[in-house]
Amino acid sequence: MVEKLRLGVNVDHVATLRNARGGVHPDPVRAALLAVEAGADGITAHLREDRRHILDADMVRIKEEVDAPLNFEMAATDEMVEIACDVLPNACCLVPEKRQELTTEGGLAVSAGHNTLAPRIEQLQDAGIRVSLFIDSDAREIEAARSLGADIIELHAGPYTEATGAERGKELQRLIEGARLAESLGLECHAGHGLNYETVAGVSLIPNIVELNIGHFLVGEAVFAGLAETIREMRRLMDAARESLT
Ligand code: PXP
């Protein structure tokens, strides 16, 4: 039987909404707890260099308060390695990071970045943290991830989720081949970026992929799934207060 596909819920954009007001609501840790209650197998959060969404304290609280593996997404920098070695997540997913980008735009350049990546991967693994590399589904990059000693690769699903028509099928085929190669090299294979209700089934059919990481769509869709109920509760509280005057 094919193994159950794990779902990692990325709570970054709950923090984006919180940071828009600079307060404490909505709390990404509360979202992480709810995600686990709803069936998530793990929580992913990306501590960016510019701290635009997740903050250092969020990572500490997710690790302490949420009873599920934490996948700590980060750039391969000394600052982040130091923080990760303090937080001690289950895994670190190394991603490329450019300050101006809206989100992670492409996979890591593993073969070109060997010298930067190798010592940081070793430091994380020495601390007992599994290391995942977010890469494009490209044989050279997958083989480079293997020779760097990564435990996991996360295939960049963006080219597939953004493609339309026949192109989408071709991009799915690239993910299928990448996942197959990863498994044959002994790498655990994850995928993520841009997945939604329409695109999730395609990647879920790839048996060598064991985990999907999904964030932005879930948080965006939750607005529509939950807004009406939230407004009804506000209406109820307002009406109950007014009625108490009579
Ligand atoms: N995996 C990685 C490595 C990512 O960088 C992201 C985006 O932060 C995700 C998964 C989740 O992507 P999305 O928010 O588009 O679902």
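Quantities reported herein were computed from a predicted structural model and do not represent experimental measurements. Each ligand, and each atom within it, is numbered from 1 in the order the structure gives.
Considering backbone and side-chain atoms alike, G194 places an N or O below 3.5 Å from some N or O of ligand 1. Between H13 and ligand 1, not a single N/O pair is under 3.5 Å apart. For ligand 1, the polar-atom distance check finds no N/O of H46 at less than 3.5 Å from any of the ligand's N/O atoms. Considering backbone and side-chain N/O of C93, none are found under 3.5 Å from N/O of ligand 1. The shortest N or O to N or O distance between N213 and ligand 1 is not under 3.5 Å.
Ion pair R146/E143 not flagged as a salt bridge, since none of the NZ, NE, NH1 or NH2 atoms sits closer than 4.0 Å to an Asp/Glu carboxylate oxygen. Salt bridge status for E79 with R51: present, with a side-chain N to carboxylate O gap under 4.0 Å. Classification of R174 and E171 as a salt-bridged pair holds, one side-chain N sitting under 4.0 Å from a carboxylate O.
H156 and E154 are not linked by any side-chain donor-acceptor pair at a separation below 3.5 angstrom, with hydrogens and angles left out of the test.
Within the listing of ligand 1, atoms 13 (P), 14 (O), 16 (O) sit less than 4.0 angstrom from a heavy atom of H216. For ligand 1, the atoms sitting less than 4.0 Å from at least one non-hydrogen atom of I214 are 16 (O), numbered in the order shown with element in parentheses.
Side-chain contact between T199 and L172 is absent, with no heavy atoms from C-beta onward closer than 4.5 Å.
Counted within 6.0 Å of CZ on R168, heavy atoms from surrounding residues, nucleotides or ligands total more than 12; the atom is thus considered enclosed.
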